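Here is the structure we will look at, set down as C-alpha cells.
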There are 2 protein chains.
Amino acid sequence: MIIIYFLIFAVRFSHQREKIREIVYNTNSHPTADKIFLEAKKSIPKISLGTVYRNLKQLEISGEIKTIYDDNIARYDWNTEPHNHLKCKNCGDLIDIVLKDKSIHPKIKKDFKFNVDKVEMFIIGTCKKHAKQT
Amino acid sequence: MIIIYFLIFAVRFSHQREKIREIVYNTNSHPTADKIFLEAKKSIPKISLGTVYRNLKQLEISGEIKTIYDDNIARYDWNTEPHNHLKCKNCGDLIDIVLKDKSIHPKIKKDFKFNVDKVEMFIIGTCKKHAKQT
DNA sequence: AAATAAATAATAATCATTCCTATTATTATT
DNA sequence: AATAATAATAGGAATGATTATTATTTATTT
C-alpha cells in the first residue's frame, strides 16, 4: 500500500514576519528573541513575543535564518553558511569565523563509525578588546 | 594600597552532596539535573530539586564536575578533562571523544587576535546504531 | 552539651519558550 | 469590490528548567 501525503502549507505575507526577517538580516550580534521583539516593537508596537518566536521558527525551517544556542538561550543568525563562533568571556560577544578544515569528518567516521552532519563549535576565550597583552 | 580578601567558605559534609557526586561519577550518559534528582530520591526520598541544582553548581565551581549545554538544557559530566561530544540526532546520545589537535589555537590567535581558553564542540550526526549503511 | 552557621526541604519566583483562542488580515474566488 | 476561506496575530495562560527565599535541620566548633 502506498500512502501519499500532500502537505499544502500556504505561507501568507505578514508585516510582522517581514520586520523580523529584516531585523535578523541587519543585526550582526546574534540577537536573542527578546532583542528582536524589542526592536520590532519600535515599528509594530502591538507585536507580541509569541509572534516573534513563531516566525523565527518558521524562518529557521525555511532555511532563511539559523538558530544557535549560547549556553541555554537561543540566538538567531542571518548567516546560514556553515561557520563557527568565537565567544569572548568578558563581553559575551559572538564573532563569526569560518574554519574550512573538514579533516575531522572522515577521522570521526573512521574512529567512531559516526556520520557527521555538522560541527557546532564555540571557541571560548578573550577577544582583542579584552585580552591582556602577552 | 593593597587589599586582601579572605573568603572563608566552610564547606560542610552533606549526605545529599555525596550522593549527587556519586551519581554523576557513576553515570556515563551526561545526566540532566532531573535525572540526578530522580536517582537521588531512591536513597534520599525527601531530597529536593533545589538541593540538586545547588550542589551541582558547587561541584562545578570546585572543579569536580563539568556542565555542558545540550541545546537548552544543562547536563552534567564527571569528565573534567578537555573533551568534546558527538551527538546522535536519532537517539540524542552524547558520546565523549578526545580530539587532541590543538592547531586551531595559534591559528585563531593569529587570525583574530583571540586568546582561546577552550573549544566546546558538538558534532552532530548519526551514531553507528542509527546510521544507514553507506 | 550548647552555640554557630552551613545545608536542607518546601515552595515561590523567574526566565525563556510554547500553547491556546478569539479576533484580524491576507489571498483566492465570485 | 464584496465574499469566503483560513493563515497569522495579540494577548495571555501554561510549561519546563532553573534560581531565590525562608524556616528548619544538621554538621562542626567551642
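Only a predicted model underlies this, so the values are computations on that prediction, with no experimental measurement involved.
Note on Thr51(B): every side-chain N or O is 4.0 Å or more away from OP1 and OP2 of dA7(C). A close approach under 4.0 Å does occur between a side-chain nitrogen or oxygen of Tyr53(B) and OP1 or OP2 of dT18(D). At dA8(D), one or more side-chain N or O atoms of Arg17(A) fall inside 4.0 Å of OP1 or OP2 (strictly under the cut-off). Of the side-chain N and O atoms in Lys46(A), none sit less than 4.0 angstrom from OP1 or OP2 of dT9(D). Distances shown here put a side-chain N or O of Asn55(A) below 4.0 Å from the OP1 or OP2 atom of dT9(D). Taking 4.0 angstrom as the limit, Lys57(B) places none of its side-chain polar atoms (N or O) nearer than this to OP1 or OP2 of dT18(D). Residue Gln16(B) places none of its side-chain N or O atoms closer than 4.0 Å to OP1 or OP2 of dT26(D). Applying the 4.0 Å criterion to OP1 and OP2 of dT8(C), one finds that His15(B) has every side-chain N and O outside that range. Note on Ser14(A): every side-chain N or O is 4.0 Å or more away from OP1 and OP2 of dT26(C).
Each of dA5(D), dT17(C), dA7(C) was ranked by its minimum atom distance to the side chain of Arg12(B); first place goes to dA7(C). When distances run from any side-chain atom of Ile73(A) to the nucleotides dT17(C), dT18(D), dA9(C), the shortest one goes to dT17(C). For Gln58(B), the listed nucleotide lying nearest its side chain is dA7(C); candidates were dA10(D), dA7(C), dT9(D).
Between Leu49(A) and Arg54(A), the one whose closest nucleotide on DNA chain C sits nearer the 5' end is Leu49(A).
Scanning both residues, Leu56(B) and Tyr76(B), for their nearest heavy atoms gives CD1-CE1, 3.5 Å. In terms of heavy-atom proximity, Leu59(B) sits nearest to Ile20(B) at CD1-CG2, 4.0 Å.
At a cut-off of 3.5 Å, with distance as the only test, a side-chain donor of Thr67(B) or Glu60(B) sits close to an acceptor on the other residue.
If you measure from atom CG of Leu59(A) to atom C1' of dA8(D), you get 13 Å, rounded to the nearest angstrom. Summarising the geometry, the separation between CD1 on Ile68(B) and P on dT18(D) is reported as 12 Å, rounded to the nearest angstrom. Rounded to an integer number of Å, the gap from Asn72(A) CG to dT14(C) C1' is 13 Å. As rounded to whole Å, 11 Å separates atom C1' of dA16(C) from atom OH of Tyr69(A). Atom CZ in Arg75(A) sits roughly 12 Å away from atom P in dA16(C) (whole-Å rounding). One can place CG of Asp71(B) at 14 Å from C1' of dA17(D), the figure rounded to the nearest angstrom. Distance, Ile44(B) CD1 to dA7(C) P: 15 Å, rounded to whole Å. Put simply, NZ on Lys41(B) is 16 Å from P on dT8(C), counting in whole angstrom units.
When each of Asp93(B), Asp96(B), Asp70(B) is paired with Arg75(B), the salt bridge (charged side-chain N to carboxylate O under 4.0 Å, His left out) condition holds for Asp70(B) and for no other.
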**OP:** Take Lys35(B) and Thr27(B) through the side-chain contact (heavy atoms from CB on, under 4.5 Å) test and state the conclusion after the steps.
**Re:** CA-CA 10 Å; Lys35(B) 282 274 173 54; Thr27(B) 311; over 6 Å; no

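Here the side chains of Val119(B) and His105(B) are in contact, with some heavy-atom distance below 4.5 Å.
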Original post:
Reading DNA chain C 5' to 3', what string of ( ), [ ], | and . shows its pairs, if Watson-Crick and G-U wobble pairs count only when both distances fall under 3.5 Å?
Top reply: ||||||||||||||||||||||||||||||

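Residue-level contact check: Ile47(A) touches the backbone only, with heavy atoms under 4.0 Å from sugar-phosphate atoms and none from bases. Here Phe13(B) lies in heavy-atom contact (under 4.0 Å) with sugar-phosphate atoms only.
Relative orientation of the His85(A) and His30(A) rings is perpendicular, given thresholds of 30° and 60° on the angle between their planes.
A salt bridge links Arg21(B) with Glu18(B); the closest basic N to acidic carboxylate O contact falls under 4.0 Å.
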